[in-house]
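Here the structure is a predicted model, which is why all the values come from computation and not from measurement. Below, chains carry the letters A, B, ... as their sequence lines are ordered, and counting in each starts from 1.
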Amino acid sequence: MYKRPFFWIVLAVIAAFVLVPGISGDVGLRESLLLGAVYIVLASNLNLMIGYTGYVNFGNIAFFGLGGYIGMYLVTALHWSVWLASAVAGASVSLFALLLGLGILRLRGAYFALATIGINEAVKAAVSNFSPFGGASGMYLSFSSFAPLGGPRHALWIIYFAIVVLMGASLLLSLAIKNSKFGLGLFAIREDEDAAIVLGVRAPWYKSAIFALSAFLPAMVGTLYFFKNGVILPEQAFDLTLSIEAIVMLMLGGQGTIFGAAFGAFVYEQFRGFLLVSPLFSQFQLVVAGILLLAIVLFLPGGFMGWVYRKLPRLRKVLE
Amino acid sequence: MLRMSAMAVTLTCAVLLAAPFAQAKTLTIGFTTSETGKLNADSKPQLLGFELWRDQVNTAGGIKVGSKHYKVALKYYDDQSSAGRVQQLYSRLILQDNADFLFSPYSSGLTATAAVVSEQFGKIMITTGAAEGKTYRLGNKHLFQLYTPADKYLKSALDVIKAKSPKAKIALIYSNDGFSSAVAKGALANAKRMGLHVVFDESYASDTTDFGPIINKIVASGANVLIGGGHYADGSTLARQLHDKKVNLHFISLLVAPDIPKFANLGEAALGVTVPSQWEHSVGYKPDFGVAPSAFTKAFEAKYGNQPGYHAAGGYAAGLVLQHAIEKAGSIKTAAVTKALNGMNAMTFYGRVHFATGAGDHGLQIGHDMVLAQWQKGANNKLVSQVVWPASAQTAPILYPLKTFAH
Amino acid sequence: MYDLVASLASGVLVGAIYGLAAIGLSLIFGVMKVINLTHGAMIALGMFALYFFVSVLGFNPYVSLLPIVAGGFVVGVMVYWIAVNRVIGSSDLMSLLATFAMNMIIIGVGTALWTTSPYNVDFSLPGISWHGYTIPGTQIVAAALAIVIAGLLYVFLYHTRTGKAVRAVASNRQAAELMGIPTRRILAIAFGLGIAVAGAAGALIATLFPFTILSGGSYELKSFVVTVLGGLGNPAGALAGGILLGLIEGGVAPFVDVSWTPVIEFSLFVLILIAFPAGLFRIGKNH
Amino acid sequence: MSQSILQLENVESGYGEVQVLWGVSLSVHAHYLTTVVGANGAGKTTTLRAAIGSNKVWAGRVVFEDDDVTALSAHDKARRGLVLVPEGRQLFADMSVEENLEMGAFSPRARTHYRKNLERVFGFFPRLAERRQQKAGTFSGGEQQMLAVGRGLMADPKVLIIDELSLGLSPLLTQQLFATLRELKQAGLTILLVEQNVHLALALSDYAYVLTEGRVGIEGPAHEVAQNPDVRKAYLGM
Amino acid sequence: MSELLKVSEVGKNFGGVRAVHAVSFHIDEGEIFGLIGPNGAGKTTLFNLINGVIRPDAGRIVFRGQDITGLPPYRVVRLGLARTHQIVKPLNDMTVLDNVTVGACFGAANLALKAARPAAREVLKLVNLDNRADQLAGELNIAGKKRLEIARAVAARPALLLLDETLAGLNPTEVTHMIAVVRRLRDEYGIAILMIEHLMQVIMDLSDRILVLNFGEMLAEGPPAEIANNTAVIEAYLGDPDLAHKILGTA
């Protein structure tokens with residue numbers, strides 16, 4: 001993998017995410033980059049489903065939320081370390097996705113998309129009533145939970161670096177899958193599932209496997225993110241709007257491309273952040289974002305990378 | 001990357017340039033407010049309260065610290081009713097906008113999220129509209145809660161029931177959200193302690209619009225008083241449907257919703273509904289410092305053209321309490337102001353303010369009491385909100401039991 | 001026992017409204033295979049339109065339905081030409097995102113205009129009372145009107161030339177074009193109709209409950225459930241699906257905490273989708 | 001020779017980026033039955049779709065009744081009387097026989113002759129009259145083809161274009177449909193036909209074009225084409 | 001020669017319509033077996049039944065001694081039974097090479113990605129597509145896509161290859177080339193072939209035996225010469241040369 005130029009680009013991005021705020025110590029920049037990194041994780045793992053396999057998962061945020069819940073439970077109720085909690089959350093949500101996938105991945109197109117919306121809502125409603133998870137009032141983290149990481153101030157830096165590492169892991173996972181036999185099978189499913197099956201791709205298993213994989217890192221990041229927030233509540237964890245926004249990020253950058261997913265997520269975060277604090281647009285940020293999205297869908301359906309590839313086809317080999 | 005670091009440099013320069021001016025004469029208070037999203041209705045009045053206070057302070061020449069006078073500037077962003085960017089925005093308020101003090105967002109969930117940042121930087125945050133007690137039990141040192149904690153919300157309603165019909169069958173129904181369930185949990189414990197009879201206890205999804213099924217269950221339970229509710233949207237819908245479905249109840253007390261003046265738009269459905277309120281414009285508190293309740297109400301009406309509810313008063317009071325503590329400390333240093341706040345036990349237009357100082361619940365409000373307000377018919381049949389409980393704050397006698405429907 | 005009967009009765013009445021709300025979604029999906037994510041926003045616009053006609057202009061709420069349906073149709077046709085026409089025939093994702101973008105725009109403008117705080121149309125009618133349970137008159141009229149509107153839509157689709165053309169386009173767009181049917185215009189009409197019905201549903205809901213600009217969202221989710229119960233793209237099934245959903249809500253209420261209702265609803269939704277992708281009311285038909 | 005009513009002039013067309021037609025020219029004369037034959041993939045269906053407007057014409061012209069109609073949409077052409085009975089029937093499966101026929105007569109021009117045309121269709125296909133209310137999707141292949149032709153006739157076509165009339169039909173049904181086709185021709189209707197059953201098509205046609213690789217290879221009066229040894233060899237395998 | 005595929009009494013109905021009924025035949029190793037019949041006779045359905053796209057209502061299919069009735073296609077191809085589609089199914093947004101690599105990776109060959117690429121290039125040479133290897137499959141013309149369809153199936157290293165109207169739509173030069181390819185597949189690679197084809201001359205030349213289907217049922221089976229002279233076949237498949245005159249006579 002290290003032979004591919006893109007591998008080094010990913011490493012450079014990780015280094016920049018670590019070094020720029022790390023050296024300057026700029027917490028504001030860190031917060032903005034952190035959200036960017038979380039979005040990159042969401043978008044690039046969603047890309048495994050939409051861009052690689054051709055299945056539109058509208059409820060992708062359920063993985064993030066469930067991961068957050070499981071992790072926060074392990075930290076607050078069982079006093080596990082946040083790292084172990086995060087790993088266990090990732091693994092258990094992946095397992096959940098695997099089982100779920102064997103059921104709902106029989107559906108195609110709009111039916112699958114609808115089912116994923118339903119699952120997100122069902123999980124959200126169930127968690128709201130599930131008292132070990134605090135039900136509707138969620139779970140609050142005591143400040144003492146930050147103590148093992150050197151207090152809140154220090155902890156937030158460490159969590160940030162950890163999320164950046166998971167961001168890097170997401171990008172490298174995407175790259176590894178793209179250049180593997182597994183990835184080739186997924187692309188075949190995306191292009192024509194029936195043809196892929198006839199060519200020998202064991203589609204039901206492949207789809208479930210990628211569904212489970214695409215759940216792993218978002219669930220891990222979910223734990224870290226809500227740990228950092230100090231609070232987890234159902235409506236924050238299973239926010240359908242964020243789920244759809246993740247698709248928007250992917251479209252913005254160009255589905256199917258790793259760089260596109262990351263670029264779209266980062267730009268979208270910056271853009272929304274800018275609208276939010278800009279006195280001119282703050283009242284109409286939703287409208288402006290909507291118009292932008294509509295323009296992309298109508299006039300630039302390949303997203304940013306689609307446009308780049310058309311203008312500079314040679315970049316296909318570099319920016320994967 | 002290059003561009004990003006360039007951006008960072010520019011921002012840093014801007015901050016450095018702006019800093020001396022900010023220090024000279026202006027005190028910046030930062031917070032987020034829900035300009036969009038579902039908390040907007042509850043969050044907006046709070047913002048109006050902040051702004052009224054700011055205007056009054058500045059007109060009066062600012063906050064007096066020793067010999068210096070500080071003008072107040074409010075800096076706020078939209079949190080979209082969601083925690084997603086709250087930490088980013090509070091970091092920005094602290095680091096880029098150089099906020100000296102902070103107010104909380106609306107709601108306990110957002111406040112706890114913001115507190116992780118404010119505590120991290122050791123910034124004082126006066127919370128208003130964040131009633132849940134557990135927010136203040138996380139090991140925080142710089143949070144100060146203005147509201148009576150959630151578990152005491154329905155205490156006055158239970159007092160009324162105990163006094164008027166101790167044998168009443170109580171239905172406790174509440175929105176399945178953090179604040180409302182905390183209120184309900186507290187109420188249930190209180191009712192038990194007081195020997196009252198809760199016959200029905202159930203939550204509903206917070207985005208419920210059709211209360212038909214749960215109302216039928218209330219009827220089936222034989223309950224004759226109802227307490228509970230949630231926020232404005234569900235509470236007003238519940239009140240409307242209780243009326244539409246002609247449920248015969250002696251007494252209704254709902255959280256939050258009936259305190260918003262728009263509640264009167266429900267017309268007949270609003271009549272007789274009570275609300276546990278942090279504050280009512282008609283209360284007769286004699287403040288140790290700052291405006292009197294009537295003066296606040298008059299100023300608010302003059303500026304915004306409608307009566308203030310308790311969210312608005314809470315906003316104003318947050319500013320007032322902060323101002324008082326700064327003036328008393330004679331400093332804007334966190335340690336000094338914290339000390340002043342820790343020592344505060346005073347009556348304001350908003351009621352008593354006294355913060356817990358123990359390690360386990362630092363900043364929890366322990367001095368403030370709720371009142372119970374009721375929508376009644378006033379002159380020319382217009383609905384007005386009257387304080388009906390406790391007797392000391394009463395502006396009108398309570399309507400109890402309510403008019404029954406003929407079936 | 002009385003409470004179960006009462007719950008089922010209110011369930012049927014509310015269910016008819018759910019059904020009406022879902023018809024618009026189902027019609028649009030049936031004709032052009034687009035899952036219209038502006039649906040919730042359009043329901044909310046219907047609510048605010050009713051508020052405008054009744055509380056501002058002083059119209060009778062039921063009379064207001066006429067201009068609301070007409071206005072909804074115009075808005076729908078406009079949205080079709082702006083956002084949907086270009087993505088017809090491309091992937092599901094494109095139409096989902098195009099309509100979601102429109103949804104963001106409408107909700108954004110709506111929030112700026114009306115904030116997200118609730119509005120109430122103060123209107124009531126004498127109801128029917130029975131053993132302490134009361135069904136408000138507004139609910140009965142709303143359910144009746146929902147069925148009437150659904151019936152009118154049926155008459156339009158099955159007994160008018162344009163309506164049949166809508167069905168022809170739904171059945172086989174290419175063949176319809178070959179028969180001289182201007183299919184794009186028909187698609188725009190169908191979209192307009194879907195929105196008009198959604199608006200009407202919103203208006204009827206506004207006579208029952210207070211609402212905010214975001215209220216449409218939960219009806220949109222319910223509409224998904226209903227369309228899956230009734231068969232995606234099957235408007236007649238949608239009404240039946242709505243009533244079924246209402247019955248489920250009413251039927252489970254006496255036995256479990258109502259806060260569990262959404263869990264039951266959405267789990268059922270997913271299970272039915274997996275077991276019968278064409279919907280419950282399509283079982284036994286050849287498709 | 002009668003007047004030419006529809007001409008394709010050097011039409012090029014295809015799908016996506018794949019070109020199928022490389023300059024097809026043909027003309028359809030009034031009251032003639034004109035047949036296009038050729039191997040699968042030679043571009044027969046694409047030729048019809050380009051003529052009708054379902055496929056974009058990349059280059060060349062389509063002229064109908066002396067008007068250049070190249071850029072018109074399919075429904076506009078249908079309204080002018082250029083009507084295609086598509087391959088695979090393409091009925092409105094959820095709609096009744098009568099509704100299918102009614103949709104055939106959607107254009108304002110056809111609507112004025114609705115009654116007359118309906119009687120004519122029922123005259124040709126009495127089975128359709130018997131089953132007016134039945135849903136088209138429940139029909140057998142032969143009945144569906146009858147309905148497809150009937151629906152095309154309801155559009156009151158000036159040129160009726162039929163793609164693969166006998167595809168997948170039994171010899172008996174094929175025979176019946178061709179008999180009807182002959183009656184239509186005798187009634188003066190102008191027909192453009194693509195048909196796999198080359199024997200039958202050529203026997204019935206006035207004029208024939210043989211398409212090879214998106215170009216017109218051979219053309220001429222049908223009986224001459226039928227005798228052309230190249231055609232026999234290439235498409236009849238004998 | 002040993003028996004490779006045995007189809008016994010296979011049947012399938014679609015909503016009451018008999019698509020395939022009681023079809024039985026067998027194919028020996030290294031054999032080229034022709035399947036002909038009018039459009040709609042059930043030829044493609046029979047292919048779908050054999051490779052598992054559709055589950056038969058009746059009958060049994062045995063391949064290399066193993067019962068494969070109802071096995072999903074990805075298992076069937078792994079056992080060495082590959083197919084092409086009448087309506088080609090290129091993986092449009094992938095390169096030509098990747099398309100064929102999919103075949104090599106997941107078919108009976110089941111190669112690792114590294115080994116699959118050179119194998120795929122070799123197959124591309126066989127069908128004369130090696131100069132298009134890095135082009136997107138969607139950009140090929142019909143003839144190119146047909147060749148790609150075959151290359152993908154061949155890359156799976158099957159023992160039996162089902163070809164569904166591979167020659168349709170090709171020009172005479174391409175047809176000649178394709179015939180050579182099919183011959184080489186049998187002679188050099190030892191792949192048995194079951195082919196649906198409309199070009200009578202070709203199928204008569206290539207096939208060892210021919211099966212004729214009509215309305216889902218077997219009409220005839222035998223060596224080409226026998227089939228060519230079977231009047232029932234001529235009538236059903238080529239159309240009765242006298243039929244036209246009969247019709248003209250009826251008027």
Side-chain angles (χ1 to χ4, degrees), chain B residues 34-44 81 173-176 181 201-222 231-241 243-248 257 260 262-270 405-407, chain C residues 1-7 9-11 13-14 17-18 55 107-108 111-112 115-125 127 129-139 205 208-215 217-219 221-222 246 249-254 257-263:
Chain B
S34 304
E35 288 184 292
T36 55
K38 62 178 185 151
L39 298 177
N40 171 273
D42 300 304
S43 180
K44 184 80 185 169
S81 306
I173 65 161
Y174 54 97
S175 161
N176 192 17
S181 15
D201 163 25
E202 193 166 314
S203 66
Y204 54 82
S206 56
D207 57 357
T208 302
T209 51
D210 174 22
F211 286 86
I214 203 167
I215 288 176
N216 286 337
K217 289 174 89 168
I218 295 166
V219 174
S221 75
H231 289 88
Y232 185 76
D234 52 316
S236 55
T237 308
L238 173 59
R240 158 110 194 243
Q241 286 182 59
H243 182 263
D244 283 350
K245 292 182 82 87
K246 301 187 179 171
V247 183
N248 279 326
I260 308 240
K262 273 181 72 172
F263 190 77
N265 291 349
L266 291 181
E268 285 287 316
F405 296 102
H407 282 154
Chain C
M1 190 59 218
Y2 292 137
D3 60 328
L4 181 60
V5 175
S7 284
S10 356
L13 294 177
V14 168
I17 312 260
Y18 293 163
S55 297
I107 295 289
T111 304
T115 75
T116 52
S117 71
Y119 285 67
N120 178 53
V121 176
D122 190 10
F123 173 74
S124 63
L125 294 171
S129 292
W130 178 74
H131 289 279
Y133 299 94
T134 299
I135 292 173
T138 46
Q139 216 156 48
I205 293 165
L208 306 177
F209 317 130
F211 51 90
T212 76
I213 184 70
L214 306 176
S215 295
S218 63
Y219 289 97
L221 286 173
K222 279 194 200 295
E249 285 187 356
V252 301
D257 272 21
V258 290
S259 60
W260 281 94
T261 311
V263 185

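Between B:A233 and C:P118, the shortest heavy-atom contact is CA-CG, 3.6 Å. Closest heavy-atom contact between C:F209 and B:Q241: CD2-NE2, 3.0 Å.
Of the atoms belonging to C:T115, heavy atoms from both backbone and side chain fall under 4.5 Å from chain B. Looking at C:F211, neither its backbone nor its side chain comes within 4.5 Å of chain B, counting heavy atoms on both sides. Within the 4.5 angstrom heavy-atom criterion, only backbone atoms of C:P254 (N, CA, C, O) approach chain B. Interface remark: C:F123 contributes backbone atoms only to the contact with chain B (heavy atom separation under 4.5 Å).
By number of non-hydrogen pairs under 4.5 angstrom with chain C, the leading residue of B:T237, B:L238, B:D207, B:I173 is B:T237. Between chain B and the residues C:L208, C:V14, C:T261, the most heavy-atom pairs under 4.5 angstrom are made by C:L208. The choice from C:N120, C:L125, C:D122, C:V252 that makes the most heavy-atom pairs within less than 4.5 Å of chain B is C:N120. Comparing B:K217, B:K44, B:E268 by heavy-atom pairs within less than 4.5 Å of chain C, the highest count is held by B:K217. Contact count versus chain C (heavy atoms, under 4.5 Å) is highest, among B:N265, B:I214, B:D210, B:N176, for B:D210. The greatest number of non-hydrogen atom pairs below 4.5 Å with chain C, out of B:A257, B:G267, B:S203, is found for B:S203.
Between the side chain of B:E202 and the main chain of C:V258, a donor-acceptor pair closer than 3.5 Å is present.
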Chi angles and distances behind the side-chain hydrogen bond (donor to acceptor under 3.5 Å, both in side chains) call for C:T111, B:N40: CA-CA 9 Å; C:T111 304; B:N40 171 273; over 6 Å; no

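At a cut-off of 3.5 Å, with distance as the only test, a side-chain donor of C:S10 or B:N216 sits close to an acceptor on the other residue.
Checked against side chain to side chain contact (heavy atoms under 4.5 Å, CB included), B:S175 has the following partners two or more places apart in sequence or in another chain: B:D177, B:S180, B:Y204, B:S206, B:D234. Annotation: side chain to side chain contact (heavy atoms under 4.5 Å, CB included) contacts of C:A9 (sequence neighbours excluded): C:I135.
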